[in-house]
Protein chains: 2
Amino acid sequence: MTKQGETGQKPLRKGMLEKRQAILKGARAVFGREGYTRASIDAIAAEAGVSSRTLYNHFGDKEGLFRAVLLDSSVAVTTAQQELLARHFHKFRDPETDLYDMALEWIGGIETHPEHFALVRQIIPEASRLPVDVLEEWRRVGPKATQQALKEHLLAAGRAGLLAIDEENADRATRHLALFTGGAVSAESAQGALPLAPEEFERLVREGVELFLQLYGKSSGE
Amino acid sequence: MTKQGETGQKPLRKGMLEKRQAILKGARAVFGREGYTRASIDAIAAEAGVSSRTLYNHFGDKEGLFRAVLLDSSVAVTTAQQELLARHFHKFRDPETDLYDMALEWIGGIETHPEHFALVRQIIPEASRLPVDVLEEWRRVGPKATQQALKEHLLAAGRAGLLAIDEENADRATRHLALFTGGAVSAESAQGALPLAPEEFERLVREGVELFLQLYGKSSGE
DNA sequence: TAGCTATTACAACGGTCATTGTAATTTTCG
DNA sequence: CGAAAATTACAATGACCGTTGTAATAGCTA
């Protein structure tokens with residue numbers, strides 16, 4: 001138990017890092033597809049093209065692997081989402097269209113990173129069995145981090161006079177934008193479990209952005 | 001497979017019905033707590049105070065039991081929710097307070113029927129492995145039925161001149177009320193997986209109702 | 001009370017799975 | 001190249017679990 005792996009501090013040898021990432025990739029796929037309990041170590045090892053013994057040498061046990069996969073995947077997706085937000089808000093001029101384009105790609109992340117969100121869907125019912133620190137760190141590096149980035153971009157847009165947002169209402173505005181777009185999509189698709197027609201998806205996001213601008217737009221807001 | 005059980009058409013003998021309901025109750029608890037895969041037949045039988053063989057005689061196999069439990073529980077909760085809506089809208093006079101009271105108890109159903117919603121949380125990641133007809137029937141007798149009842153009450157309130165709701169916008173208004181209150185609570189509590197402080201719960205519901213009235217209230221709406 | 005039926009206790013089968021040990025083999029690095 | 005480390009194949013262990021059969025028992029109904 002105290003040998004190595006766990007949090008993976010110092011994989012020095014060359015191939016180790018590749019093996020490790022292959023395992024993480026395979027585990028993300030299988031855990032997301034099958035769920036924690038159904039996912040067998042052998043299936044993950046096969047998906048990663050690795051012996052199951054190597055997997056144990058890297059991550060200790062099944063729970064350690066799940067922990068590593070969840071956090072690794074969360075960091076990756078959060079990074080991608082933050083880059084996406086930065087890219088869209090960089091050229092933020094017209095709230096009407098720019099906010100819609102941004103939200104479309106942001107919420108579309110559910111389909112851009114299907115394995116990650118399948119993985120996240122698995123932890124919801126498993127929450128009471130998962131160590132609290134894992135849950136907390138997931139929220140911190142995942143949803144919370146993305147939300148924080150969004151909040152800062154919205155604040156910047158507010159300072160630029162493009163939205164009716166200031167330090168006072170920024171938190172609520174951020175929650176509202178997420179709720180009106182992502183929350184609406186999530187509710188309609190049973191938390192992403194059921195497929196949603198693209199037109200329906202776009203309609204929900206569009207209506208959500210319209211509602212958001214109705215509250216925080218410069219024309220009718222304030 | 002063709003012997004009996006399955007959909008349970010004719011349990012005539014006296015004690016059988018009690019056994020059946022004891023099994024459904026125990027299965028709801030264990031399935032909700034452990035999830036489909038982890039939940040063992042023996043654990044369910046023990047929780048129900050019944051031999052595992054009796055369980056098989058009633059429901060055929062594990063999947064048949066899960067199917068029966070999910071639909072039975074959904075019908076029960078939907079009935080309770082519809083009664084709740086009828087009771088509140090019966091004495092619907094002042095949108096400000098009446099709508100808040102209603103939403104508080106409605107969304108509070110997550111805590112009033114914890115086993116049911118734990119069960120529902122389990123089917124989300126399991127969706128792709130569940131027969132489509134089970135999923136469809138669940139949505140029909142569950143969320144869809146409640147949503148339909150709410151829509152009719154909102155329409156009635158609109159006809160009574162208490163809300164700015166008519167046949168044109170009733171569907172959207174219904175979705176909005178659910179999203180602003182239940183969706184907000186759901187998002188904040190990670191789909192109900194993480195506990196939410198009562199004050200936070202009430203605050204979210206209150207803000208949700210306020211926002212709803214901002215859009216569909218008679219004073220500032222229209 | 002007699003007979004039918006549901007229920008039970010018990011055992012067993014076949015399967016899956018997490019985990020570990022070991023020895024051989026491959027890979028990496030000095 | 002040669003040593004050290006990582007990886008592999010292989011097997012085994014111990015546990016859990018869904019499901020079924022069976023014979024005994026308890027409960028209901030007529």
Side-chain angles (χ1 to χ4, degrees), chain A residues 1-6 8-27 30-31 33-69 122 126 129-131, chain B residues 1-6 8-27 30-31 33-69 122 126 129-131:
Chain A
M1 298 287 180
T2 56
K3 285 182 178 180
Q4 87 283 63
E6 304 288 334
Q9 304 282 355
K10 41 191 159 47
L12 295 177
R13 293 299 229 268
K14 192 180 170 187
M16 279 190 77
L17 207 140
E18 298 167 19
K19 294 279 180 190
R20 183 185 179 87
Q21 295 193 330
I23 295 171
L24 287 174
K25 185 177 176 182
V30 177
F31 275 135
R33 196 188 320 128
E34 307 285 342
Y36 181 80
T37 310
R38 294 182 107 99
S40 82
I41 296 288
D42 285 341
I44 295 172
E47 179 99 10
V50 158
S51 118
S52 70
R53 202 61 178 77
T54 300
L55 191 149
Y56 277 101
N57 289 338
H58 273 269
F59 297 97
D61 60 6
K62 195 180 181 181
E63 192 196 304
L65 175 60
F66 186 81
R67 189 185 297 228
V69 165
Q122 303 287 351
E126 211 83 23
R129 256 177 307 279
L130 249 46
Chain B
M1 301 282 182
T2 55
K3 284 183 179 179
Q4 86 284 61
E6 304 289 336
Q9 304 283 354
K10 41 193 158 44
L12 295 179
R13 292 300 230 269
K14 191 181 172 188
M16 281 190 75
L17 209 140
E18 298 167 20
K19 293 280 180 190
R20 183 186 180 85
Q21 295 193 330
I23 295 171
L24 287 174
K25 186 177 176 182
V30 178
F31 275 136
R33 196 188 320 131
E34 306 287 341
Y36 180 81
T37 309
R38 292 182 109 100
S40 82
I41 296 289
D42 285 341
I44 295 172
E47 179 100 11
V50 159
S51 118
S52 71
R53 203 60 177 77
T54 300
L55 192 151
Y56 278 102
N57 289 338
H58 274 269
F59 297 98
D61 59 7
K62 195 180 182 181
E63 192 196 304
L65 174 60
F66 186 81
R67 190 185 296 229
V69 165
Q122 303 288 351
E126 211 84 22
R129 257 178 306 281
L130 250 45

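So that the names make sense, note that chain A is the first sequence line, chain B the second, and so on, each numbered from 1. Owing to the predicted nature of the structure, the values given are computational and were not obtained by experimental measurement.
Remark: E126(A) engages R38(B) in a salt bridge, criterion side-chain N to carboxylate O under 4.0 Å. A salt bridge links E34(B) with R129(A): the distance from a Lys NZ or Arg NE/NH1/NH2 to an Asp or Glu carboxylate oxygen falls below 4.0 Å.
Whole-Å rounding puts the E34(B) CD to dG18(D) P distance at 11 Å. Between Y56(B) atom OH and dC17(D) atom P there is a gap of 11 Å when expressed in whole angstrom units. The CG-C1' distance, from L55(A) to dG21(C), rounds to 17 Å in whole Å.
Of the side-chain N and O atoms in H58(B), none sit less than 4.0 angstrom from OP1 or OP2 of dA6(C). Note on S51(A): every side-chain N or O is 4.0 Å or more away from OP1 and OP2 of dA9(D). Taking only side-chain nitrogens and oxygens, T54(A) never comes nearer than 4.0 Å to OP1 or OP2 of dA6(D). For the pair K62(B) and dC17(D), the criterion of a side-chain N or O lying under 4.0 Å from OP1 or OP2 is not met.
A pairwise comparison of heavy atoms in A22(B) and A48(B) identifies O-CB, 3.3 Å as the closest pair.
Using a 4.0 Å heavy-atom distance criterion, S40(B) is classed as a sugar-phosphate-only contact. At a threshold of 4.0 angstrom between heavy atoms, the contacts of A39(A) are confined to the sugar-phosphate backbone, with no base atom among them. Nucleic acid contact class of A43(A) (heavy atoms, under 4.0 Å, all strands): none.
Of the residues near DNA chain D, G15(B) and T37(B), the one whose nearest nucleotide (by heavy atom distance) lies more toward the 5' end is T37(B). Checking V50(B) against D42(A), the closest nucleotide of DNA chain C that is more toward the 5' end is the one next to V50(B).
Taking the six-membered ring where tryptophan is involved, the planes of Y36(B) and F31(B) are essentially parallel, since the angle between them stays under 30° and well short of 60°.
Counting only heavy atoms from C-beta on, R53(A) has its side chain closest to dG21(C) among dT20(D), dG21(C), dT7(D). The nucleotide whose nearest atom lies closest to any side-chain atom of N57(B) is, among dT19(C), dT8(C), dT7(D), dT8(C).
Atom-to-atom distance recorded for Q21(A):CD and H58(A):NE2 is 11.0 Å, nearest 0.5 angstrom.
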